[in-house]
Amino acid sequence: QVQLTESGGGWVQAGDSLRLSCAASGRTFSNYGMGWFRQAPGKEREFVAAISWPYGTYYADSVKGRFTISRDSAKNTVYLQMNSLKPEDTAVYYCALRSRPAGSTVMSRAWNYDAWGQGTQVTVSS
């Protein structure tokens, strides 16, 4: 069983930066994919970014150029660096793990993931 723990959320002003972390514990995999999704009040959960080795990284158009996903395999941790934050980035951010790596189409669909974290709130004020 894999447990995912997010951290790093908070309240910031537009234009600021935040870095979210997602630490995986329990069962680990040699190759896997991890993604970040977010859900704003009254909206559906949406894809933000994913990293799938050995395939690559993927981003939603809304965050491309502002957000960067990366991993530290030694720490079983994935990061989401968020720069130039906008009020519309306000949401609960969830990390998720997929036990098998895949391409962008699969990694951008929430139902393709096997484990989820509890979420961390990001609030961006104007």
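Keep in mind the model is a prediction, meaning the values are calculated, not measured.
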Participant: Does Gln39 reach the side chain of Tyr93, with side-chain heavy atoms less than 4.5 Å apart?
Facilitator: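 No, side chains not in contact.
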Participant: How many angstroms lie between atom CZ of Phe67 and atom CG of Leu85, to the nearest 0.5 angstrom?
Facilitator: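 That separation rounds to 5.0 Å.
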Participant: Closest heavy-atom contact between Ala24 and Leu4?
Facilitator: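 Closest heavy-atom pair between Ala24 and Leu4: CB-CD2, 3.7 Å.
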Participant: Please examine the side chains of Ser73 and Trp53, heavy atoms only from C-beta on, and report whether any two atoms are closer than 4.5 Å.
Facilitator: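 No - every pair of side-chain heavy atoms lies 4.5 Å or more apart.
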Participant: Do Ile69 and Val122 sit in the same hydrophobic cluster, where Ile, Leu, Val, Met, Phe, Trp and Tyr count as joined when their side-chain heavy atoms come under 4.5 Å apart?
Facilitator: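 As far as the 4.5 Å side-chain criterion goes, Val122 and Ile69 are connected within one cluster.
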Participant: Compare all side-chain heavy atoms of Val48 with those of Tyr59 and state whether any distance is below 4.5 angstrom.
Facilitator: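 Val48 does not reach Tyr59 side chain to side chain.
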Participant: Tell me, which pairs form a salt bridge (Lys or Arg N to Asp or Glu O under 4.0 Å) where one or both residues lie in residues 3-22, sequence neighbours left out?
Facilitator: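 Residue pairs passing salt bridge (Lys or Arg N to Asp or Glu O under 4.0 Å), neighbours aside: none found.
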Participant: Taking the side chain as everything from C-beta on, heavy atoms only, tell me whether Gln121 gets closer than 4.5 Å to Thr90.
Facilitator: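 SC-SC contact between Gln121 and Thr90 confirmed.
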Participant: Please round to the nearest 0.5 Å and tell me the distance separating atom CE of Met34 and atom CD1 of Ile51.
Facilitator: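 Atom-to-atom, Met34:CE and Ile51:CD1 are 10.0 Å apart.
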Participant: Do we see a donor-acceptor contact under 3.5 Å between the side chains of Thr5 and Gln3?
Facilitator: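 There is no such pair (donor and acceptor under 3.5 Å, judged by atom type) between the side chains of Thr5 and Gln3.
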Participant: In Å and rounded to the nearest 0.5 Å, what is the CG to CZ distance from Leu20 to Arg38?
Facilitator: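 Leu20 atom CG to Arg38 atom CZ measures 11.0 Å (nearest 0.5 Å).
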Participant: Just by modelled atom types, is the Ser84 backbone N or O under 3.5 Å from a matching donor or acceptor in the Arg66 side chain?
Facilitator: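 Yes: the side chain of Arg66 pairs with the backbone of Ser84.
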Participant: As an exercise, state the distance from CD of Gln81 to OG of Ser17, rounded to the nearest 0.5 Å.
Facilitator: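 Between atom CD of Gln81 and atom OG of Ser17 there are 5.5 Å.
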Participant: Other than Tyr113, what residues sit in its cluster of Ile, Leu, Val, Met, Phe, Trp and Tyr side chains whose heavy atoms are under 4.5 Å apart, directly or through others?
Facilitator: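 The other cluster members (ILVMFWY side chains, heavy atoms under 4.5 Å, direct or chained) are Phe37, Phe47, Tyr55, Tyr58, Val92, Tyr94, Met107, Trp116.
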Participant: Would you tell me whether Ser99 and Asp114 have side-chain atoms, one donor and one acceptor, within less than 3.5 Å of each other?
Facilitator: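 There is such a pair (donor and acceptor under 3.5 Å, judged by atom type) between the side chains of Ser99 and Asp114.
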Participant: Examine Tyr79 and Val63 and state if one hydrophobic cluster contains both, with Ile, Leu, Val, Met, Phe, Trp and Tyr joined whenever side-chain heavy atoms are less than 4.5 Å apart.
Facilitator: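 As far as the 4.5 Å side-chain criterion goes, Val63 and Tyr79 are not connected within one cluster.
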Participant: Under the side-chain hydrogen bond (donor to acceptor under 3.5 Å, both in side chains) rule, what do Asp72 and Thr77 come out as? Steps first, then yes or no, please.
Facilitator: CA-CA 5 Å; Asp72 183 333; Thr77 298; over 6 Å; no
Participant: Taking atom NZ of Lys75 and atom OG of Ser25, what is their separation to the nearest 0.5 Å?
Facilitator: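 Taking NZ in Lys75 and OG in Ser25, the distance rounds to 15.5 Å.
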Participant: Measuring only between side-chain heavy atoms, which start at C-beta, is Thr123 closer than 4.5 Å to Val12?
Facilitator: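 The answer is no, as the side chains (C-beta and beyond) never meet within the 4.5 Å cut-off.
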Participant: Please check this pair: side chain of Arg98 against backbone of Arg100, looking for a donor-acceptor N/O pair closer than 3.5 Å.
Facilitator: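 A pair under 3.5 Å: yes.
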Participant: Look up atom CD in Gln13 and atom OG in Ser126, then write down how far apart they are to the nearest 0.5 Å.
Facilitator: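 If we round to the nearest 0.5 Å, Gln13:CD and Ser126:OG are 9.0 Å apart.
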Participant: For the residue pair Thr68 and Leu80, establish whether any side-chain heavy-atom pair is separated by less than 4.5 Å.
Facilitator: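 Thr68 does not reach Leu80 side chain to side chain.
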Participant: Does Thr120 use its side chain to pair, donor to acceptor, with the backbone of Gly9 at less than 3.5 Å?
Facilitator: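 Pair found, side chain donor or acceptor close to backbone of Gly9.
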Participant: Would you list the pairs meeting salt bridge (Lys or Arg N to Asp or Glu O under 4.0 Å) in which at least one residue belongs to residues 50-61, sequence neighbours left out?
Facilitator: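 For residues 50-61: Asp61-Lys64.
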